[in-house]
2 protein chains.
Amino acid sequence: MKNVADLAGVGVKTVSRVINQERYVSADTIARVMRAAEQLQYQPDVQAGNLRRADRRTDTLGLLVGSVANPFSAAVHRAVEDAAIQRHVAVFASSLDDDPERERASVEAFLRRRVDGLILTTIQRSQAYLGPQLEQGMPVVFVDRKPNGLIADTVLTDNLEGAARGTRHLLAAGHRRIAFLGDSEEIYTAKERKRGYLDALRLEGVAPDPRLVIENLGEEAQAELAVNELLALDDPPTAIFSAQNLITIGAIIALRAQGASERVALVGFDDVPMASLLSPAVTVVAQDPSAIGAIAARRIFERLDGESEPARDFIVPTRLIKRGSGEIRPA
Amino acid sequence: MKNVADLAGVGVKTVSRVINQERYVSADTIARVMRAAEQLQYQPDVQAGNLRRADRRTDTLGLLVGSVANPFSAAVHRAVEDAAIQRHVAVFASSLDDDPERERASVEAFLRRRVDGLILTTIQRSQAYLGPQLEQGMPVVFVDRKPNGLIADTVLTDNLEGAARGTRHLLAAGHRRIAFLGDSEEIYTAKERKRGYLDALRLEGVAPDPRLVIENLGEEAQAELAVNELLALDDPPTAIFSAQNLITIGAIIALRAQGASERVALVGFDDVPMASLLSPAVTVVAQDPSAIGAIAARRIFERLDGESEPARDFIVPTRLIKRGSGEIRPA
DNA sequence: CGCGTTTATGACATCGTTATCAGAAAGTGG
DNA sequence: CCACTTTCTGATAACGATGTCATAAACGCG
């Protein structure tokens, strides 16, 4: 900046004024400074500016997701980015990989870089460590999972109602023996989805069969095994409600291997890539990661703009997409 | 930092020494400072430190990709992140969306934040605007596409050989009328893949039929139309080589709608999600985005560590994954 | 014990920018 | 023409950290 000032024959403060488009600079001076800046390829150093600037904004956001390579997270990321770019805010994205250690490390890395706000998918038992930041007024929005030990804005898929809806869809098709395949019991979303499944059964007066409820399926292969076992039962389920993405894929593989994919109905929670090109095409309760990201970003910026109402939850509705596998009727 | 120093009863410089684990601090002092830092929840401001620090590193990288929501880009991103995190480097990711305006804006945003290096998938006609940065020694690695008007490290999929390999695979199955479906002619990768296709035909002594070469397919729907037209020809192709992801999906949809998916062979360039669960399962020439990201990141860090050999290209090989659709023989 | 070396510490300048303030120049109204 | 406001400009301090340098205490060794 000094160099630009010297070249333009003005003081540094005047250059600063031109760069920040402040008032009270003559047209002639603006032109001279712009020319000098152009000539020297000058790019202001935002970080240095933020050091002194009154609002201390870094125009930077931290985003912590499961994995940037996971389609759900990637869609959230994209929506956040689209909102951020309009305000010239850059986004640090970091992957969590269900590793509590990495959660802490990433959040610390964000804080050391003085991000203006945080959007977090968390895994740790407690997020109380963020208390001081919240008290200091840093906007923090949790996404997909509720924080523990902390009250903060949270954007959630309507897991309960979505799971209930998917289950009701199978019930409406006439199924009574509907299996549930779920993720680790410790995950908030997994618990909610299971609750939705049970609620829907109860409302219809169907007693849940514990042998049909299988949880703690972490990956495809485990889901495959689970389905194999279900089909080997004396009175196997006529339908499956799969409460997560990868589990749904595992179920598809197993059903197909057993030649049961045209006979046993399947509804999955969370959309599956290429679902409409599979046969049968997969009926799902789709989440809306794009909306989730957009709402989270909107909230962050509202807070930055001074909104101070108490923290609240934002519930994003799901959408039932009928494609075929969920419309199979019991024999 | 001042506060920590006061609380610990030492000078700021001593706190700085403790934080940066410099030599010549007594164990007792270290303990006192650590305790004070803990108590005040002190997080050093990296940006402020970098202002004065000799190497002027911000421990920050800029990554510009097609879209963070696109699986290929997301895999590259993930690989870069994994390499970066080991060095406590944070990554700014930005989506390009084939918008030259956005390319410039994002790169400027990165530069204003003084990133240590750039990893770029570019779209602009020329990247000469990065000349000054390169000369100043900022590491810049281009990914997936060669830069124009600039010499810099570049990581590329072996598009030419990959496309040739896919085409040879179809030739080996006995096909002679092999259609080519390609992306916009202006894209570097599209050109290379077409060249690979033509080379393979030539080597086998098959004269390319211009009616079977269709380019400028930007999206699925266009690919679908193109396949419909191909199948309507007097002597339609017995096989299709699709040079890009979305085009392959469009082709699958069209082949299926025409009831031709079991008859007309298909090999796609770039893997397709769930490809093995489709029927027929899709044979592809897979790229290795993870390797691409890892190599790009490695190169950035090598350069930051002082490596100064001339810029070079890194060619990442492809892998032919036979799944069924590419092994269909001509009637 | 004396002298050189190593260890330990803090004062101060500095990085690139913006905030504050002072002051000059130009315009406005009576 | 004078007082008063508005416009325009730059000197200087400050932001939160590190680099440099000076100084003092502790240590090692003949």
Side-chain angles (χ1 to χ4, degrees), chain A residues 1-34 36-37 40-60 88 108-116 133 136 138, chain B residues 1-34 36-37 40-60 88 108-116 133 136 138:
Chain A
M1 180 172 251
K2 179 89 178 22
N3 299 330
V4 176
D6 289 349
L7 181 59
V10 300
V12 282
K13 179 66 223 202
T14 299
V15 175
S16 170
R17 271 190 271 259
V18 172
I19 298 292
N20 294 291
Q21 308 193 40
E22 284 174 41
R23 287 178 60 192
Y24 305 142
V25 190
S26 71
D28 177 58
T29 307
I30 293 181
R32 275 216 318 287
V33 171
M34 296 285 260
L40 296 176
Q41 292 265 340
Y42 171 71
Q43 291 282 5
D45 182 327
V46 251
Q47 319 292 2
N50 289 119
L51 207 53
R52 193 66 172 80
R53 206 187 306 273
D55 59 13
R56 317 242 38 207
R57 294 281 166 80
T58 53
D59 287 345
T60 285
H88 302 284
E108 270 186 18
F110 290 153
L111 294 179
R112 272 200 293 272
R113 286 178 176 79
R114 299 290 188 269
V115 296
D116 293 335
Q133 273 65 41
Q136 282 169 38
M138 168 179 283
Chain B
M1 181 170 249
K2 178 89 176 20
N3 299 328
V4 177
D6 289 351
L7 180 59
V10 300
V12 284
K13 180 67 221 204
T14 299
V15 176
S16 169
R17 270 189 271 258
V18 173
I19 299 292
N20 295 290
Q21 309 192 39
E22 284 175 40
R23 289 179 57 190
Y24 304 143
V25 189
S26 72
D28 177 58
T29 306
I30 292 181
R32 274 213 322 288
V33 170
M34 296 286 258
L40 297 176
Q41 290 266 338
Y42 172 71
Q43 291 284 1
D45 183 328
V46 247
Q47 317 295 356
N50 289 117
L51 207 52
R52 190 65 170 78
R53 208 188 301 276
D55 59 12
R56 318 249 26 213
R57 294 280 166 81
T58 54
D59 286 346
T60 285
H88 302 284
E108 271 186 18
F110 291 153
L111 294 178
R112 272 199 295 270
R113 285 178 176 79
R114 299 292 188 268
V115 296
D116 294 336
Q133 272 68 38
Q136 282 168 38
M138 166 180 284

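Quick note on labels: first sequence line is chain A, next is B, and so on, each numbered from 1. Given the structure is predicted, the values throughout are model-derived calculations rather than measurements. Only heavy atoms go into these numbers, but all of them, side chains included; no hydrogens, no water, no symmetry mates.
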Taking only side-chain nitrogens and oxygens of [X], does any of them come within less than 4.0 Å of OP1 or OP2 of [N]?
| X | N | answer |
| --- | --- | --- |
| A:R56 | D:dG16 | yes |
| B:T14 | C:dG10 | yes |
| B:S26 | C:dT9 | yes |
| A:Y24 | D:dC8 | no |
| B:S16 | D:dT18 | yes |

Practice item. Mind checking the NE2-CG spacing from A:H88 to A:D59? Nearest 0.5 Å is all I need. Key: 9.0 Å
Point to revise | Separation between CG of A:L51 and CZ of A:R56, rounded to the nearest 0.5 Å | key: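 So the CG of A:L51 and the CZ of A:R56 are separated by 5.5 Å.
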Side chain to side chain, [X] and [Y], heavy atoms closer than 4.5 Å:
| X | Y | value |
| --- | --- | --- |
| A:V46 | A:T58 | no |
| A:K13 | A:E22 | yes |
| B:T29 | B:R17 | no |

Taking [atom1] from [X] and [atom2] from [N], how many angstroms apart are they, rounded to a whole number?
| X | N | atom1 | atom2 | value |
| --- | --- | --- | --- | --- |
| B:M1 | C:dG10 | CE | C1' | 13 Å |
| A:Q21 | C:dT18 | CD | P | 12 Å |
| A:D28 | C:dA25 | CG | C1' | 15 Å |
| A:D55 | C:dA19 | CG | C1' | 12 Å |
| B:I19 | C:dG10 | CD1 | C1' | 17 Å |
| A:R23 | D:dT7 | CZ | C1' | 9 Å |
| A:L51 | C:dC15 | CG | P | 14 Å |
| B:N20 | D:dT18 | CG | C1' | 8 Å |

Exercise for review: Please tell me which of A:V12 and B:V12 maps to the more 5' nucleotide of DNA chain D, matching each residue to the nucleotide holding its nearest heavy atom.
Suggested key: A:V12
State which of [options] makes the closest approach to the side chain of [X].
| X | options | answer |
| --- | --- | --- |
| B:E22 | C:dT9, D:dG19, C:dT18 | D:dG19 |
| B:V25 | C:dA19, C:dT9, D:dA17 | C:dT9 |
| A:Y42 | D:dT9, C:dC15, C:dT17 | C:dT17 |
| B:A48 | D:dG19, D:dG16, C:dT7 | D:dG16 |
| A:R17 | C:dT7, D:dT9, C:dT17 | D:dT9 |
| A:D45 | C:dA19, D:dG19, C:dG16 | C:dG16 |

**Study point:** B:Q43 backbone acceptor or donor facing A:R112 side chain under 3.5 Å
**Key:**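 No, A:R112 side chain to B:Q43 backbone: no donor-acceptor pair under 3.5 Å.
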Practice item. Could you tell me whether a side-chain N or O of A:R113 sits under 3.5 Å from a main-chain N or O of A:A109, the two making a donor and an acceptor? Key: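 Side chain of A:R113 to backbone of A:A109, a donor-acceptor pair under 3.5 Å: yes, one is there.
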**Study point:** Nearest atoms (heavy-atom pairs only) where B:I19 meets B:P44
**Key:**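 B:I19 and B:P44 have their closest heavy atoms at CG2-CG, 4.1 Å.
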Practice item. Mind checking A:A5 for me? I need base, sugar-phosphate or nothing, with any heavy atom below 4.0 Å counting as a touch. Key: nothing
Exercise for review: Would you mind classifying the nucleic acid contact of A:V10 as base, sugar-phosphate or nothing, using non-hydrogen atoms under 4.0 angstrom?
Suggested key: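 Answer is sugar-phosphate: A:V10 comes under 4.0 Å of backbone atoms only.
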Check your understanding: Is there a donor on the side chain of B:K13 or the base of D:dG19 sitting less than 3.5 Å from an acceptor on the other?
Key -> yes
Check your understanding: Is the base of C:dT14 touched by the side chain of B:R52 through a donor-acceptor pair closer than 3.5 angstrom?
Key ->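 Between C:dT14 and B:R52, which were checked side chain against base, a qualifying N/O pair under 3.5 Å is present.
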Check your understanding: Axis-to-axis angle across the helix from C:dC1-D:dG30 to C:dG30-D:dC1, five pairs an end, to 10 degrees?
Key -> 30°
